[in-house]
Amino acid sequence: QVELVESGGGLVQTGGSLGLSCAAFGRSFSAYSMAWFRQAPGKEREFVASISWAGGKITYADFVKGRFTVSRDNAKNTWYLQMSNLKPEDTAVYYCAADGSWSVIPGNRTNDYDYWGQGTQVTVSS
């Protein structure tokens with residue numbers, strides 16, 4: 001059984017930083033794309049960032065460019081999202097997602113991904 005487990009969420013003040021981790025169990029995702037999405041109350045889940053299997057193709061949503069950094073450690077089957085200069089509008093539940101099939105370019109839609117973590121809350125206070 002495949003399981004993605006996120007950690008690292010919490011409460012931070014505006015301008016602060018947080019790092020999220022996503023560890024995969026039950027299957028290796030070293031050859032597959034992964035992504036981060038987020039969902040704020042009353043809003044749809046939205047794309048944040050994606051990274052290809054070897055890290056050569058990285059895409060960010062415009063609203064996080066220059067502030068968030070996505071990375072991965074395939075040896076540990078773990079991916080990361082480092083967030084800095086956080087804003088109140090970044091408050092959301094953050095989800096990691098993994099593609100179950102190989103793709104050249106990581107997708108930015110929820111249905112591009114087959115496996116999802118349980119989500120971790122990030123709250124940015126003003």
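For this chain, numbers begin at 1 and follow the sequence in order. Values in this document were obtained by computation on a predicted structure and should not be read as measured data.
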I'd like to know if Lys87 and Asp90 make a salt bridge, using a cut-off of under 4.0 Å between side-chain N and carboxylate O. no
What are the two closest non-hydrogen atoms of [X] and [Y], and how far apart are they?
| X | Y | value |
| --- | --- | --- |
| Leu81 | Ala49 | CD1-CB, 4.5 Å |
| Gly107 | Phe47 | O-CE1, 3.9 Å |
| Leu18 | Gln82 | O-NE2, 3.5 Å |

Using modelled atom types and a 3.5 Å cut-off, is there a donor and acceptor pairing between side-chain atoms of [X] and backbone atoms of [Y]?
| X | Y | value |
| --- | --- | --- |
| Asn108 | Ser50 | no |
| Ser84 | Arg67 | yes |
| Asn74 | Trp53 | yes |
| Ser21 | Glu6 | no |
| Ser52 | Pro106 | no |
| Asp73 | Thr78 | no |

Working note: Val122 + Thr91, criterion side chain to side chain contact (heavy atoms under 4.5 Å, CB included); need CA distance, chi angles, decisive distance, verdict. CA-CA 5 Å; Val122 172; Thr91 295; 6.0 Å; no
Mind checking whether [X] and [Y] sit in one hydrophobic cluster, side chains of I, L, V, M, F, W, Y counted as touching below 4.5 Å?
| X | Y | answer |
| --- | --- | --- |
| Trp102 | Phe29 | yes |
| Phe37 | Leu86 | no |
| Phe63 | Ile58 | yes |
| Val64 | Tyr113 | no |
| Tyr115 | Leu20 | yes |

Against Tyr60, only a single residue in Ile51, Val48, Thr69 fulfils side chain to side chain contact (heavy atoms under 4.5 Å, CB included); can you say which? Thr69
Output the distance between atom [atom1] ([X]) and atom [atom2] ([Y]), rounded to the nearest 0.5 Å.
| X | Y | atom1 | atom2 | answer |
| --- | --- | --- | --- | --- |
| Asn77 | Arg72 | CG | CZ | 8.5 Å |
| Ser17 | Asn85 | OG | CG | 8.0 Å |
| Asp112 | Ser33 | CG | OG | 9.0 Å |
| Trp79 | Cys22 | CH2 | SG | 5.0 Å |
| Arg38 | Arg45 | CZ | CZ | 13.0 Å |

Using distance alone, with no hydrogens and no angle criterion, decide if Thr123 and Gln121 have a side-chain donor and acceptor under 3.5 Å apart. yes
Between Leu4 and Tyr95, does a side chain to side chain contact (heavy atoms under 4.5 Å, CB included) hold up when you go through it step by step? CA-CA 9 Å; Leu4 304 184; Tyr95 297 90; over 6 Å; no
Just wondering, do Ile105 and Ser103 contact through their side chains at under 4.5 Å, heavy atoms? no
Are any non-hydrogen side-chain atoms of Met34 and Val70 less than 4.5 angstrom apart? yes
Are Trp36 and Met83 close enough, and set up right, to give a side chain to side chain contact (heavy atoms under 4.5 Å, CB included), and what steps lead you there? CA-CA 12 Å; Trp36 290 92; Met83 306 180 292; over 6 Å; no
For the pair Lys57 and Val104, evaluate side chain to side chain contact (heavy atoms under 4.5 Å, CB included) and give the outcome as yes or no after the intermediate values. CA-CA 9 Å; Lys57 177 65 176 178; Val104 176; over 6 Å; no
